Structures are given as C-alpha cells and as structure tokens.
Amino acid sequence: MQLVILIGLQASGKTTFFRRYFAATHQHISKDLMRKGKNRDRRQAQLIETALQAGQSIVVDNTNPTLSDRASLIQLGQAYGVEIIGYYFESNVRNSLERNQHRTGKARVPDVGIFATVKKLVRPSYSEGFDQLFHVQITDANEFRITQWTTTALKSECDR
C-alpha cells in the first residue's frame, strides 16, 4: 500500500497528475472535495485512516506546503506501515496564475491564495519520513516530466 502526498501550488497540475497516473489504483483524498467549514484536517485524517484500514492506497491531493502539513500525513502512513511517496510540483507562480485563469466556478482560487501558498512552500526532504520523493515539471507540451528527487537539480523558489 502507498500513501502518496502531492506538494505544490494551486493550479500546478496536481489533480490532473492524479487522474493520469493514480485514478485507477489509488483513492483520491482532497480538501477541495470537502464542504467548506471547520475540521477539514480531522475529516481528511478520518478518510485516510478509513482507506488505509481497508487496505487501499491513497493520494492526498492538497498543496501540502509546510513541514507540519505533511508531518501529520506521514505519521498516519507510518502508523499503518505503508510506503510514503512525495511528488513535488515545481513552483512557478506565473504558470499557476495562468492555469488558474482557465478554471471556472469553485475550481478557480483567488490569486492571493497562490501567492500565500508560495510564501510558505517548503521543499520536502527524506528526513521528513518519505520513502521516495519525485520532482514533477510540466513541459511546454503539457506533459509531466517526473524525475527522482535530488536537491542539487532543483532551482531555488526565488529563481522563478
């Protein structure tokens, strides 16, 4: 079983990535699919535990920008002895804003949300408890380029 954690700005391709690579094999858990209100973190944890207890692999499709956001997810995965995999989506504010403009209804987030997320976005590391980490980039042809995680290959957030 796997607990896959997607990490990146809003409109960085995370949900499309889920649909393309995991929809047939993993349960999709996203706060975007929950009603607005209190205790979305608790509700997410309940959904994760229920899926893991049922022996299902899952993908947590949120921005997951901070160490603390990811820590609770990783702790749940470790408690169930599952493989914990992170996918870090390259943060490019300009491209996320552009893709967000093409969204409609509730799928479109206020631009300020993207700016707020990039300010607190911390790259993941193996020291957090990940078993595997990958870097994801969207190519000019709107395909996903997935590479093994190496910190030296990644640009600084400030370089974009």
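Nothing here was measured: the structure is a model prediction, and the numbers come from that model. The analysis underlying the following values was restricted to heavy atoms, covering all of them including side chains, and did not include hydrogens, waters or symmetry mates.
Annotation: side-chain hydrogen bond (donor to acceptor under 3.5 Å, both in side chains) contacts of T15 (sequence neighbours excluded): D61. For F18, the ring-ring contact (aromatic ring centres under 6.0 Å, His included) partners are H28, not counting sequence neighbours. Legend: residues meeting side-chain contact (heavy atoms from CB on, under 4.5 Å) with F134, ordered by chain and number and at least two apart, are I85, Y87, Q132, I146, Q148. Every residue two or more places apart in sequence or in another chain that forms a side-chain hydrogen bond (donor to acceptor under 3.5 Å, both in side chains) with Q2 is listed here: H26, E83. Listed by chain and number, the residues in a side-chain hydrogen bond (donor to acceptor under 3.5 Å, both in side chains) with S125 are S127 (sequence neighbours excluded). N64 is linked by a side-chain hydrogen bond (donor to acceptor under 3.5 Å, both in side chains) to nothing, counting only residues two or more places apart in sequence or in another chain. T117 pairs by the side-chain contact (heavy atoms from CB on, under 4.5 Å) definition with L9, Q10, T63, P65, not counting sequence neighbours.
With rounding to the nearest 0.5 Å, the separation of CG in L3 from OG in S57 is 9.0 Å. Remark: I29 CD1 to R43 CZ distance equals 9.0 Å, nearest 0.5 Å.
Taking the side chain as every heavy atom from C-beta outward, I138 and F144 approach each other to under 4.5 Å. Between Q78 and I84, some side-chain heavy-atom pair lies under the 4.5 Å cut-off.
Among Y21, F17, F22, the one residue that satisfies the side-chain contact (heavy atoms from CB on, under 4.5 Å) test with V4 is F22. Only one option out of L121, I5, L133 pairs with Y88 in a side-chain contact (heavy atoms from CB on, under 4.5 Å); it is L121.
Considering every non-hydrogen atom in both Q56 and M1, the closest pair reads N-SD, 3.5 Å.
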(request) Using the salt bridge (charged side-chain N to carboxylate O under 4.0 Å, His left out) rule, take D69 and K120 through it: C-alpha gap first, then chi angles, then the decisive distance, then the call. (result) CA-CA 11 Å; D69 291 326; K120 59 185 177 178; 5.5 Å; no
(request) Test side-chain contact (heavy atoms from CB on, under 4.5 Å) on K31 and Q44 and set out the steps. (result) CA-CA 7 Å; K31 291 179 188 175; Q44 175 178 270; 3.5 Å; yes
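In this structure, the side chain of N39 does not engage the main chain of R42 through any donor-acceptor pair within 3.5 Å.
Checked against a 6.0 Å centroid threshold, the rings of F130 and Y126 do not count as neighbours.
Using a 4.5 Å cut-off between side-chain heavy atoms of Ile, Leu, Val, Met, Phe, Trp and Tyr, with links allowed through other members, F89 and V60 fall into different hydrophobic clusters. Note: the hydrophobic cluster containing L6 does not contain I74 (ILVMFWY, side chain heavy atoms under 4.5 Å, direct or indirect links).
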List, one per line, each side-chain donor-acceptor pair under 3.5 Å for residues 46-53, sequence neighbours excluded.
{"unit_1": "E49", "atom_1": "OE1", "unit_2": "Y80", "atom_2": "OH", "d": "2.9"}
{"unit_1": "T50", "atom_1": "OG1", "unit_2": "Q46", "atom_2": "O", "d": "2.9"}
{"unit_1": "Q53", "atom_1": "NE2", "unit_2": "Y80", "atom_2": "OH", "d": "3.0"}

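Residue pairs meeting the salt bridge (Lys or Arg N to Asp or Glu O under 4.0 Å) criterion with at least one member in residues 128-145, sequence neighbours excluded, are R20-E143, R70-E128.
Here V122 is tied into one hydrophobic group with L67, each link being a pair of ILVMFWY side chains closer than 4.5 Å.
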